[in-house]
Amino acid sequence: MSGIANTPEPPYYAVIFASQRTEGDRGYGRMADKMVELASQQKGFLGVESARDEQLGITVSYWDTLESIKEWKENAAHKVAQGKGRREWYKNFSLRVCCVERHSFFEM
């Protein structure tokens with residue numbers, strides 16, 4: 001989960017998950033890694049970008065269709081992680097689903 005995701009030509013979808021964590025790990029890091037691994041095996045997954053500091057975490061996952069996003073949301077293991085997030089890991093979070101209509105990449 002490092003670097004910029006290599007996404008196809010638009011249109012495609014971005015799911016933007018922003019969060020503020022509670023104190024302590026309590027299995028969060030292991031579960032986050034597991035969710036990225038599992039998502040990457042899902043039909044329609046295109047890539048992920050993630051960053052976190054002491055205050056804020058932002059993860060953007062990319063998907064080919066809204067149906068693929070819905071299927072990921074309903075994945076049983078993902079539902080377990082969602083529940084733990086609400087109960088243990090997050091002070092607050094936001095979720096946004098966007099259609100990517102244009103993108104640009106630059107290498108220096």
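- Contact annotation: the side chain of Tyr13 never approaches that of Leu46 to less than 4.5 Å [non-hydrogen atoms, C-beta and beyond].
- Between the CZ atom of Phe93 and the OG1 atom of Thr59 there is a distance of 13.0 Å, given to the nearest 0.5 Å.
- In terms of modelled atom types and a separation under 3.5 Å, the side chain of Thr22 and the main chain of Glu88 share a donor-acceptor contact.
- One hydrophobic cluster, built from ILVMFWY side chains closer than 4.5 Å, cannot hold both Tyr62 and Ile69; they sit in different ones.
- In this structure, CD1 on Ile58 lies 11.0 Å from CD on Glu49, to the nearest 0.5 angstrom.
- Side chains of Asn6 and Phe105 form no contact here, defined as non-hydrogen atoms less than 4.5 Å apart.
- Residues Trp89 and Ala81 come closest through the heavy atom pair CZ3-O, 3.8 Å.
- Here CZ of Arg102 is found 12.0 Å from CD of Glu9. Values are rounded to the nearest 0.5 Å.
- Follow the hydrophobic side-chain contacts under 4.5 Å out from Ile4 and you never reach Ile16; the two are in separate clusters.
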(request) Begin with the C-alpha distance, continue with both residues' side-chain angles, and end with the deciding distance and a verdict on side chain to side chain contact (heavy atoms under 4.5 Å, CB included) for Val48 and Ser40. (result) CA-CA 8 Å; Val48 65; Ser40 69; over 6 Å; no
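- Between Asn75 and Leu38, some side-chain heavy-atom pair lies under the 4.5 Å cut-off.
- Under the 4.5 Å side-chain criterion, counting only non-hydrogen atoms from C-beta, Lys84 is not in contact with Tyr28.
- We find the SG-CG distance between Cys99 and Leu66 to be 7.5 Å, quoted to the nearest 0.5 Å.
- Of the N and O atoms on the side chains of Ser19 and Arg52, at least one donor lies less than 3.5 Å from an acceptor on the other residue.
- Ring-centre distance between Trp63 and Tyr12: not below the 6.0 Å cut-off.
- For His103 against Pro8, the heavy-atom pair with the smallest separation is CE1-O, 2.9 Å.
- Atom CD of Glu101 is surrounded by 12 or fewer heavy atoms from other residues, nucleotides or ligands within 6.0 Å.
- Atom CD of Glu37 has 12 or fewer neighbouring heavy atoms from other residues, nucleotides or ligands inside a 6.0 Å radius.
- The line from NE2 of His78 to CD of Gln42 is 9.5 Å long, rounded to the nearest 0.5 Å.
- Ser94 approaches Arg96 most closely through the heavy-atom pair OG-NH1, 3.0 Å.
- The backbone N or O of Ser68 sits nowhere less than 3.5 Å from a side-chain atom of Asp64 that would complete a donor-acceptor pair.
- No more than 12 heavy-atom neighbours from other residues, nucleotides or ligands sit within 6.0 angstrom of NZ on Lys73.
- Considering all non-hydrogen atoms of both residues, Ser61 and Phe45 come closest at CB-CE1, 4.5 Å.
- Tyr90 OH to Arg21 CZ: the interatomic distance, rounded to the nearest 0.5 Å, is 7.0 Å.
- Residues Met35 and Trp72 meet the side-chain proximity criterion, which asks for heavy atoms closer than 4.5 Å.
- No single ILVMFWY cluster, assembled from side-chain heavy atoms under 4.5 Å apart, contains both Val100 and Val15.
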